[in-house]
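Just the heavy atoms: all of them, side chains too, but no hydrogens, waters or symmetry mates, feed the values below. In what follows, chains are A, B, ... by sequence order, proteins preceding strands, each numbered from 1.
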Number of protein chains: 2
Amino acid sequence: MGDMAGRRTDARQKMVSAARELLREQGYHATALSDVLRRSEAPRGSVYFHFPGGKAELAVEAAALHSQEQVSAIDSAAAAATSPAELVRAYLERARTNLVASDYRQGCTIAPLVIESTRDSDELDAVGRRSFETIIAALAGHFVAFGLAPDDARRLADVTVAGAEGALITARALRDPAPFDAMIDVLTRGIA
Amino acid sequence: MGDMAGRRTDARQKMVSAARELLREQGYHATALSDVLRRSEAPRGSVYFHFPGGKAELAVEAAALHSQEQVSAIDSAAAAATSPAELVRAYLERARTNLVASDYRQGCTIAPLVIESTRDSDELDAVGRRSFETIIAALAGHFVAFGLAPDDARRLADVTVAGAEGALITARALRDPAPFDAMIDVLTRGIA
DNA sequence: CCGATGCTATGTCGGTCGTCATACATGTCA
DNA sequence: TGACATGTATGACGACCGACATAGCATCGG
């Protein structure tokens, strides 16, 4: 009973996790369901059972997982930080570390969903907006707690996320983390 | 003769142009050759003739076209600018204008090629790096002409391109140009 | 008029997604 | 205890769509 539910959740989670990895590496359309199944060691028929919406629903959940992890990381970093600048730095360094550690393979999970403009499902169209909004709101909330005015906090959150996304793309293309360092310098200069 | 060559070049160019638009809107894998043919009003069978390398070669040329246009725009903007900050602003505003004018559909042509990590061809893997390198070099060159030290110029060019890429993604997802404005503020603050 | 070259329409093959009939495990009841 | 019923899980199948190759056509030069 608990076992069954546990297994079910387990298989689901493994699929979502595998989908997230593949999205980060290859994007949406380049990732076949068979890729996800191979990596998660799940049988083909399970997809439709766990995700009636098919591939689109799987991607939506993968994006949700990604943004949740980002928010968790932001909260942890904020607890350890003493200024907005430190939180900005932590956020960008986390992205850089993941990218370099994966040999410039793993970027952002959400970006491909935005760029590939998938008309597969309405949810999938909306998930990019929701995910970024969630992450930006989390950052902005902590910036306000550090004493910034709400408008300034929002703007700083915007550039932090945009800076990370852009650095992920260019650093990945160049196979060089320099854009991250330069971006961190610019973003943390002139703010407390 | 001249006519024939002209027609041939014309058809080629229209296909490359259509491919570039579709890449900006949908990315690589979501764009079918049939989409390119429909938009370019080219005959169905002529792809392989004009582009023996197939879809990958078409994408490479589209990326090359994109980066060439970027460099041209940079040169023009640099001629009209009097400081690095003005060039940075012009570069970002151009991206923002294109995005908003297309109702948040047209992003960057190169980014999807990086993100979708296509193993379709070696050229395609390399084109992302080359294209960004070209654009960054163009920007950095003008920054040096404005008096910046080479290292500083390169760093500023890195963040300018990364900032534009990131703003394109987040602004597109949010359907709001605010990230561009915030990024422009941050990047032009503290530099001559 | 004929040969050759640039150019195009059609066919083929491979791959992906979604579905379905079947096998299974678990909990139930005689 | 042992057979059954219920809802879950799976491997195989079919329809579709993609890129690519080839055979045929128009056009031009000799």
Side-chain angles (χ1 to χ4, degrees), chain A residues 1-16 18-19 22-23 25-62 112-113 116-125, chain B residues 1-16 18-19 22-23 25-62 112-113 116-125:
Chain A
M1 37 185 299
D3 186 39
M4 186 181 63
R7 279 187 170 279
R8 172 181 169 169
T9 306
D10 215 48
R12 250 189 79 94
Q13 208 57 25
K14 277 178 78 174
M15 284 190 230
V16 173
L22 288 162
L23 277 177
E25 295 172 10
Q26 305 178 343
Y28 180 75
H29 287 285
T31 299
L33 281 177
S34 55
D35 293 336
V36 177
L37 296 172
R38 196 175 326 111
R39 188 170 296 202
S40 60
E41 292 172 345
R44 176 154 194 80
S46 305
V47 175
Y48 191 73
F49 175 77
H50 289 297
F51 310 93
K55 189 180 178 182
E57 185 177 344
L58 187 52
V60 168
E61 299 230 10
L113 301 180
E116 299 186 42
S117 178
T118 52
R119 295 263 164 64
D120 285 12
S121 102
D122 293 340
E123 274 304 306
L124 200 50
D125 289 341
Chain B
M1 35 185 299
D3 186 39
M4 185 183 63
R7 277 187 171 280
R8 170 181 170 171
T9 307
D10 216 49
R12 251 188 77 94
Q13 209 56 26
K14 279 177 76 174
M15 284 191 230
V16 173
L22 288 162
L23 276 177
E25 296 172 8
Q26 304 178 344
Y28 180 75
H29 287 284
T31 298
L33 285 177
S34 57
D35 294 335
V36 177
L37 295 172
R38 196 176 323 115
R39 186 169 296 202
S40 60
E41 292 171 348
R44 280 191 62 191
S46 53
V47 176
Y48 192 72
F49 174 77
H50 288 297
F51 307 93
K55 187 180 180 181
E57 184 177 345
L58 187 51
V60 168
E61 299 229 11
L113 301 179
E116 300 186 41
S117 179
T118 53
R119 295 263 164 66
D120 285 12
S121 101
D122 293 341
E123 274 304 305
L124 202 49
D125 288 342

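- Between A:Phe49 atom CZ and C:dC20 atom P there is a gap of 16 Å when expressed in whole angstrom units.
- Judged by distance alone, with hydrogens and angles left aside, the side-chain atoms of A:Glu61 form no donor-acceptor pair with the main-chain N or O of A:Val16 at under 3.5 Å.
- One atom, CG of B:Leu37, and another, C1' of D:dC17, lie 15 Å apart when rounded to the nearest Å.
- When the P atom of D:dA9 is taken as reference, atom CD of A:Glu41 falls 17 Å away, rounded to whole Å.
- The separation between A:Lys55 atom NZ and C:dG15 atom P is 16 Å, rounded to whole Å.
- For the pair A:Asp35 and A:Tyr48, both in contact range of DNA chain C, the more 5′-proximal nearest nucleotide belongs to A:Asp35.
- Straight-line distance from the CG atom of A:Asp120 to the C1' atom of C:dG18: 13 Å, rounded to whole Å.
- Atom OG1 of A:Thr31 and atom CZ of A:Arg39 lie 8.5 Å apart (nearest 0.5 Å).
- The interatomic distance linking A:Arg119 (CZ) with C:dC17 (P) rounds to 20 Å, in whole Å.
- Listed pair B:Ser46 / C:dT8 meets the phosphate criterion, a side-chain N or O lying under 4.0 Å from OP1 or OP2.
- One can place CZ of B:Arg44 at 8 Å from C1' of C:dT10, the figure rounded to the nearest angstrom.
- Of the possible donor and acceptor atoms, one in the side chain of A:Glu116 sits under 3.5 Å from a partner among the backbone N and O of A:His29.
- Listed for the B:Ser121 side chain is a donor-acceptor partner under 3.5 Å among the backbone atoms of B:Leu124.
- Residue B:Glu116 contributes atom CD, which lies 15 Å from atom C1' of D:dG18 at whole-angstrom precision.
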